[in-house]
Amino acid sequence: MRTLALALTLVLSLSVSVPARAAVDETNANRLNALGLFLGTGSGYDLGGTATRLHGIIMLTRMLGEEDAALSFDGPCPFSDVAAGKPSAYTGYAFAQGYTTGVSATTFNPGGALSFKH
């Protein structure tokens with residue numbers, strides 16, 4: 001539960017860039033990285049960036065301990081706007097598990113801002 005709270009704190013902080021919080025955000029990112037939940041990009045964590053729908057799916061599968069299952073998923077991804085490879089595997093897996101839906105029957109909008117609607 002503590003890991004989930006920490007992960008959600010980081011995801012929320014990704015969409016708000018406030019200089020006073022930079023050290024706290026970096027500390028939280030380092031903690032999540034140590035847990036294998038938040039890997040960042042090839043050039044750091046990009047904490048000032050916007051968390052996307054694809055980022056959310058990746059974080060969710062990691063928090064659930066299902067990343068290996070997602071990465072080995074060979075079923076179809078029903079969304080035409082999701083890139084082949086890892087994005088398709090994560091998204092197809094999450095859809096098959098009932099963790100996500102698209103913005104339409106055929107699109108996911110992987111680069112869209114992450115929201116907390118349910």
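Reckoned from all heavy atoms, side chains included, excluding hydrogens, waters and symmetry mates.
Shown here are the side-chain hydrogen bond (donor to acceptor under 3.5 Å, both in side chains) partners of T52, two or more places apart in sequence or in another chain: H55. For T101, there are no side chain to side chain contact (heavy atoms under 4.5 Å, CB included) partners two or more places apart in sequence or in a different chain. Remark: Y99 engages L60, L64, E66, Y93, A94, Q97 in a side chain to side chain contact (heavy atoms under 4.5 Å, CB included) (not counting sequence neighbours). For R53, there are no side-chain hydrogen bond (donor to acceptor under 3.5 Å, both in side chains) partners two or more places apart in sequence or in a different chain. Every residue meeting the side chain to side chain contact (heavy atoms under 4.5 Å, CB included) condition with P87, not counting sequence neighbours, appears here in chain and number order: L54, V82, A83.
For an aromatic pair to be called close, the ring centres must be under 6.0 Å apart, and F108 with F95 fails this.
Applying the side chain to side chain donor-acceptor pair (under 3.5 Å) test to residues at least two apart or on different chains, none of the pairs has a partner in residues 73-87.
How far OG of S88 is from CZ of F79: 10.0 Å, rounded to the nearest 0.5 Å. Distance OH/Y90 to CD1/I58: 5.5 Å, rounded to 0.5 Å.
Side-chain atoms of S104 come within 3.5 Å of backbone N or O of T106 as a donor-acceptor pair.
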